[in-house]
Amino acid sequence: MSRLKGTEAASAQLSDSESFDSSPGATFVTNTLPDISPNAGIVGLCTVPANRAGMDDLGWHVVDFLAFKALFRGETHHRAQTWLAQCDIASMVQADPGKYSHGRERRLVSEAAVASSVSDGRGNSHLREDHINVISSAPELKEEFLKALSAKSKIAEKTGFPLFVIVCGLTTLEQDVFFGEISTDARLTSIDIRRCTGKNVSAVMITPALFSAGWQINPSFCRPPDGTMRAQRLEFFARQFGGVFGNEIVQSFEQWTCPILDLDRVDKDAKDDRFPGPAMPSQEQKEKNKELKVKLHCILAGRLSPGHWDHSFSFVENRDDWLKLVGPRNHKPLSYWRDKWETLDIDDGYTMDEEHLYFLGNAFGGNVRSQITHIKYLVAESMAAWPDFWPSKFGGKVAEKFQQFIVDPFPEHVQCHEMFSIMEHRASSAVLADVTCDYFSLPKPYGQRCRDWHERAWKDEASLDARMAIIKAHGQVTRVIPAVNLPPGVSFNHLSITQRSMEVPASYLSVALYLCCPESEELQRAVKRVVGFLKEVKNHQVKLLVHDAELARKCIAWLKSINMPTRNLAGALSAINSANMLSAAAEPVSNWPVLKDVEAGTRTTASPATIPSVEQSVVASPPAPAPVSTKNEAVHHENLSASQSTRTVPAARQIGALYDHRQDSPAAFLEQLDVLILDDIQNIITSYVAKKAELKERLQTASPMDAAKMEKEVVRLSNEIAFMEAEARLKKHQSGKANVSDLPTSVPSPPVGQRASGPNPHSKSATLAKEQKPEQKPEQKPAVTPSPQTKAHTGETKPKPVSQQKHKGQLDLYQMWGITPGAKTRAEGQDKSD
């Protein structure tokens, strides 16, 4: 039975996982330690095998493991800690103890490889039961880890004491753990771990940060966070989304929208330029700009952690992320941990002259070889997600490119930076989809997380109407998620199959929205709320960015190099608050609900008929503020007239089918084109651009005969895109969302002739009409010749059907859309006979 139509069966199959939330919750990246209770239980795990424990490979995970053990030894009951490892760490340390030093200070943590001692109060010393249990078999280590978790969880649930789980090794952003190899069989998902611990345990999960220095901490791992979190929900979302919006944010800092640029002090003539600075920047200006762009993306990829550049423990109280985000330290202050850390010896023989990748600092081992190894792991980990993408023809080509990078022993540093950015964008997009579904209580397709979703199976089972409705939602979601933010020196290549954004997360989110709101109007309202939510998160990321002192210095240095005035922090924040720099009509994000509300509202699988709308399911929040500016093109869907937003014309769903049969039904096709709204046209443009890009990719491997056909198809699609872009400008103009001056004075090449449904706004007569200034009331807009669509709204007589209109240039329009004059005549004859 179809999982779409038989959701009850699907729900029954997934009932075991429904009780375990798969979202990141209150996850954040930090360099500070969590608040450790003396009654806590600790389970430490190192999954690095012996053959990969070298410092040029995964040895830095072993050092992290020993660093945590060195800090936590003696801090809890001597039987409350369990430490497991796949390699014999004690023997490795004994062979070369000076190799295991941690952080910028290079503190030696080798003494933590053996059990610590404890005094019994009578002067007798005994070894603690905190030695490292070595289990070289990955499957057996996995089983032992689950046993230790189960045992510690039972005690934690019974006593109410917290449980800390520390994993050092190969993990994911979702905090899944790999044992031995990167595959689903060797993986222990975060849901599996929650199922083992149970949902009534106060657990803290600590895993390595994947895209910066530091560690990823989930302070509420086993159950959704409640109102006890100090930071607002929006703060966590902005951190968890990482560099998803990096492309747009980086561009905004380079343009007049830069929050640190003081526009009030900029000469009026200078603002007429497209962007600040000279058209031909000097070498110094280029370097300053590069430093700014690299820093921006590093901060975003590092989840806005202040220590994203330095893989060291931070004991600075004014940079205490736990205190800022989670709550007060109820046990030992950071100064205690600092004093304990400073009792460790320093590796005096270490020198900081090791070569490292310029965008990673001392993260991931601090040397270029271990850092490249980590980036290759990110690529391999990405290939273990999205199971239905890689078997596809396009996915197979992407996999080939990724595999070439993995086997390359000496990839160029710029190539490493590009691949790192691509992997970060893909992983963060999956988190974005999961977080958004959790926030709006959307049903998760097949009850799976985004990275595990079987997209192909869903599409095969979905009805045509469902797929068409989801395509429109998908187009709106993808427009708010920009492309990958490529590093300086790497240009965007439309033919590159690796630079293309992974579209599975957007598809996943679109399907979840459809399952919640299958009705067209309700779906569009839900999509708009989600789009507004994503814009609000993006805006908050900008606010957090300007608080970074190092970023502010680099931004000011670049602005001064191009002779532009700057603002201070207060001025920058005021500028951000007074205008939506990146987008408009953002959705206010509600704060943490109480725990009982979270448990009652969360849904993972449900029937569309039983799931409330987004408005009903989301926690009540204040209404969205009115946008300050509507100049940004992205706000058009927020300003649709009531007649358009409630229309019942199935244009978006029928245009694709009509296009395929335009030779047989040209009049129907052109008539359908006439009733499209701006959203529909832009969705069609997005679809055609994707088709064109796919054809260009296929051209690389096509035979000469097929290549000739594909080249003709590419030309045809280019013409169609040009025509639809002109249509979009016309619709925007007719709806009052664009100035007359925004419209081109000529039709994009090749000429499409006069529009079949009304006067051509780009014609000579229309251009002359624009120049006229008739007497009007001050509040009225310049007169614009209404199209048949606007006439229908104003109550004027409906124009003749398209098939009966004989405009000059109509033949060019038919030919452009692949409709022969003969087909047109036949269609007109059919209309008359009917």
Side-chain angles (χ1 to χ4, degrees), residues 42-70 72 81-93 100 102 109 112-113 130-150 152 163-197 203-211 214-218 221 311 363-365 370 373-385 427 451:
I42 297 176
V43 177
L45 173 68
C46 179
T47 61
V48 178
N51 63 339
R52 300 202 60 187
M55 292 304 164
D56 292 346
D57 198 352
L58 302 179
W60 62 276
H61 289 294
V62 178
V63 178
D64 277 3
F65 181 79
L66 291 173
F68 278 111
K69 191 171 185 295
F72 293 157
Q81 299 186 20
T82 300
W83 300 88
L84 306 171
Q86 191 172 348
C87 57
D88 190 349
I89 295 178
S91 298
M92 293 190 303
V93 169
Y100 298 90
H102 190 277
V109 293
D130 61 354
H131 60 281
I132 301 174
N133 297 316
V134 180
I135 304 171
S136 57
S137 169
E140 292 179 8
L141 177 64
K142 181 179 178 180
E143 290 298 320
E144 192 63 30
F145 175 63
L146 290 174
K147 289 180 182 177
L149 279 179
S150 178
K152 291 288 191 295
L163 173 64
F164 290 81
V165 184
I166 306 167
V167 178
C168 300
L170 302 181
T171 58
T172 71
L173 275 184
E174 294 82 2
Q175 295 192 303
D176 298 349
V177 183
F178 289 106
F179 291 81
E181 61 183 18
I182 305 169
S183 68
T184 54
D185 295 334
R187 179 186 64 173
L188 192 65
T189 69
S190 55
I191 296 177
D192 296 331
I193 298 174
R194 290 185 183 96
R195 185 179 293 115
C196 178
T197 58
V204 178
M205 184 74 166
I206 305 173
T207 54
L210 292 184
F211 298 100
W215 298 270
Q216 181 171 306
I217 296 181
N218 189 339
F221 181 72
H311 195 67
F364 317 122
S370 63
T373 297
H374 178 73
I375 297 175
K376 290 182 176 181
Y377 160 70
L378 295 176
V379 177
E381 185 271 321
S382 176
M383 295 172 65
R451 64 172 291 124

Please find the pair of heavy atoms, one from [X] and one from [Y], that lie closest to each other, and give the distance.
X	Y	result
P208	V167	CD-O, 3.2 Å
L173	L210	N-CD1, 3.4 Å
A148	L84	CB-CD1, 4.4 Å
A112	I132	O-CD1, 4.3 Å
M92	V62	CE-CG1, 4.5 Å
I182	A380	CD1-CB, 3.7 Å

I'd like to know if the side chain of D56 reaches the main chain of S370, judged simply by a donor and an acceptor atom lying under 3.5 Å from each other, with no hydrogens or angles considered.
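No; judged by distance alone, with no hydrogens or angles, the pair does not exist.
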
Taking the side chain as every heavy atom from C-beta outward, state whether Y377 and L58 have any atom pair closer than 4.5 Å.
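The answer is no; the side chains never approach within 4.5 Å.
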
For residues C196 and F145, determine if any side-chain heavy atom of one lies less than 4.5 Å from a side-chain heavy atom of the other.
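C196 vs F145: side chains apart.
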
Quick check for you: to the nearest 0.5 Å, what is the distance between [X] atom [atom1] and [Y] atom [atom2]?
X	Y	atom1	atom2	result
H61	L45	NE2	CG	11.5 Å
D88	I135	CG	CD1	12.0 Å
M205	L163	CE	CG	10.0 Å
F179	E143	CZ	CD	9.5 Å
N51	D57	CG	CG	8.0 Å
K152	T82	NZ	OG1	3.0 Å

Could you tell me how the ring of W60 sits relative to the ring of H311: parallel (under 30°), tilted (30 to 60°) or perpendicular (over 60°)?
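Judged by the thresholds at 30° and 60°, the geometry between W60 and H311 is perpendicular.
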
For F65 and W83, take the angle between the two ring planes, folded into 0 to 90°, and tell me which bin it lands in: parallel under 30, tilted 30 to 60, perpendicular over 60.
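Rings of F65 and W83: perpendicular, as their planes differ by over 60°.
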
Give the C-alpha distance, both sets of side-chain angles, the deciding distance and a yes or no for side chain to side chain donor-acceptor pair (under 3.5 Å) between T207 and Q175.
CA-CA 7 Å; T207 54; Q175 295 192 303; 3.1 Å; yes

Quick one: do R187 and E381 make a salt bridge, cutoff under 4.0 Å?
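Answer for the salt bridge query: no.
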
Test side-chain hydrogen bond (donor to acceptor under 3.5 Å, both in side chains) applied to S137 - qualifying residues, sequence neighbours left out:
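By the side-chain hydrogen bond (donor to acceptor under 3.5 Å, both in side chains) rule, S137 matches no residue at all.
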
